[in-house]
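Chain identifiers are assigned alphabetically (A, B, ...) following the order of the sequence lines, protein sequences preceding nucleic acid strands; residue numbering begins at 1 within each chain.
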There are 2 protein chains.
Amino acid sequence: MPINQLRQALHDQGLKLTRSRLAVLQVLAATSAHLKVAEVHRRARQIDGRVGLASVYRTMELLARLRLVKHVHVEHRHRHYARIREHHGHHLVCNGCGLVVEFSDCQLERLTRALARRTKFRIEGHCMEFFGQCRECRCRPASNTARGKRKS
Amino acid sequence: MPINQLRQALHDQGLKLTRSRLAVLQVLAATSAHLKVAEVHRRARQIDGRVGLASVYRTMELLARLRLVKHVHVEHRHRHYARIREHHGHHLVCNGCGLVVEFSDCQLERLTRALARRTKFRIEGHCMEFFGQCRECRCRPASNTARGKRKS
DNA sequence: TTCAAGCTGAGAAATATTCTCACTTGAGTC
DNA sequence: GACTCAAGTGAGAATATTTCTCAGCTTGAA
């Protein structure tokens, strides 16, 4: 999302495009992997040394609300986020290097309808993620540092 | 899973069926909702007052390894687990009362194959969950306490 | 330039999870 | 049933993440 479009999106909710938010966005724009909050913070500080950890938490939450970013349910102790580019995107995550590939043809409409009918639920959403090894990591199984990303 | 079958499953890995594990299993057998660890602990103590929190954490992890239980990715601060009854079960979770309905016809084989081909990943697993409101909660939208389960 | 929300950084506080360790218990064997 | 010992336990300390607080700063509109 171009900056001006984002500024507009923020503005529509009475929010501002600030220094910290810009730094976090730059970090996200520069990676294809999912990142934990502390790592986003570390990288944001390389762009703007004044960015505080609390602001990164606040910004990630804001971006999640704006659907620019989403949780990735990796089995770590800390929360990981990945950028969303496509609307209604799902994620395929590499267990080796953290690379995130997005896809949107989830084809779950039929399943959703069938489930709703069977269970009498009103279904409001779903989450779906795939895990595996990307091509690079399959060829280099011993190392976890592809693309300069270290697993936490 | 009947107790003897579980005892066997544990035994196969050199593990024991202990007091604490039994208490936790009884708690899980008695609910259809997902529970956070602290709640499992509270209930387990009602069955056996000696059960410690650390043991509940250890037991939940063990049960997850045995695929008798799985994480539910609710957006809470703490980890929630739900029982698995069917093999390869997926979960439909009520946002109101926490009720968990299992289903297994996820029909993702085709999508998995297509994704693997397109991305060159070796796909090793997926997680899929649906969220919504169960029939009871839709009819009683103000209350969150259906089935005696309080949201945390 | 001024102004007022919104936002910030720093550090404290809260809270979930893991670790440690001496003690206990389950279950196999006799 | 008694014995044995590795697996498991409870309690509380330790750790780590996330949230909160608050005085001061920034953004963006007028």
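Not counting sequence neighbours, the partners of Arg50(A) by the salt bridge (Lys or Arg N to Asp or Glu O under 4.0 Å) test are Asp48(A). Residues passing the side-chain contact (heavy atoms from CB on, under 4.5 Å) test with Lys16(A), sequence neighbours excluded: Thr18(A). In this structure, the side-chain contact (heavy atoms from CB on, under 4.5 Å) partners of Gln46(A), at least two apart in sequence or on a different chain, are Arg42(A). Annotation: side-chain hydrogen bond (donor to acceptor under 3.5 Å, both in side chains) contacts of Glu129(A) (sequence neighbours excluded): His73(A). Contacts of Glu61(A) classified as side-chain hydrogen bond (donor to acceptor under 3.5 Å, both in side chains), with partners at least two apart in sequence or in another chain: none. Leu15(A) is linked by a side-chain contact (heavy atoms from CB on, under 4.5 Å) to Leu10(A), Gln13(A), Arg21(A), Leu62(A), counting only residues two or more places apart in sequence or in another chain. Legend: residues meeting side-chain hydrogen bond (donor to acceptor under 3.5 Å, both in side chains) with Arg58(A), ordered by chain and number and at least two apart, are Ser55(A).
Applying the ring pair (Phe, Tyr, Trp, His ring centres under 6.0 Å) test to every pair with at least one member in residues 44-71 of chain A, sequence neighbours left out, gives these pairs: His71(A)-Tyr81(A).
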Fill in the blank from the handout: Counting primed atoms, P, OP1 and OP2 as sugar-phosphate and everything else as base, the B/S/- map of nucleotides 24-30 of chain D against protein heavy atoms under 4.0 Å is --BBSS-
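In the helix from dT1(C)-dA30(D) to dC30(C)-dG1(D), the rotation axis of the first five pairs and that of the last five pairs differ in direction by 50°, rounded to 10 degrees.
For the segment residues 55-65 of chain B, residues with any heavy atom less than 4.0 angstrom from an atom of DNA chain C are, sorted by number, Tyr57(B), Arg58(B).
Applying the 4.0 Å criterion to OP1 and OP2 of dG10(D), one finds that Arg45(B) has every side-chain N and O outside that range.
Atom CG of Leu35(A) and atom C1' of dT17(D) are 17 Å apart (whole Å). Note: OH (Tyr81(A)) to P (dT18(D)) measures 8 Å, nearest angstrom.
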Atom pairs and distances, side-chain donor-acceptor, residues 112-120 of chain B, under 3.5 Å, sequence neighbours left out:
from      : atom 1 : to        : atom 2 : distance (Å)
Thr112(B) : OG1    : Leu108(B) : O      : 2.7
Thr119(B) : OG1    : Leu115(B) : O      : 2.7
Thr119(B) : OG1    : Phe121(B) : N      : 3.3

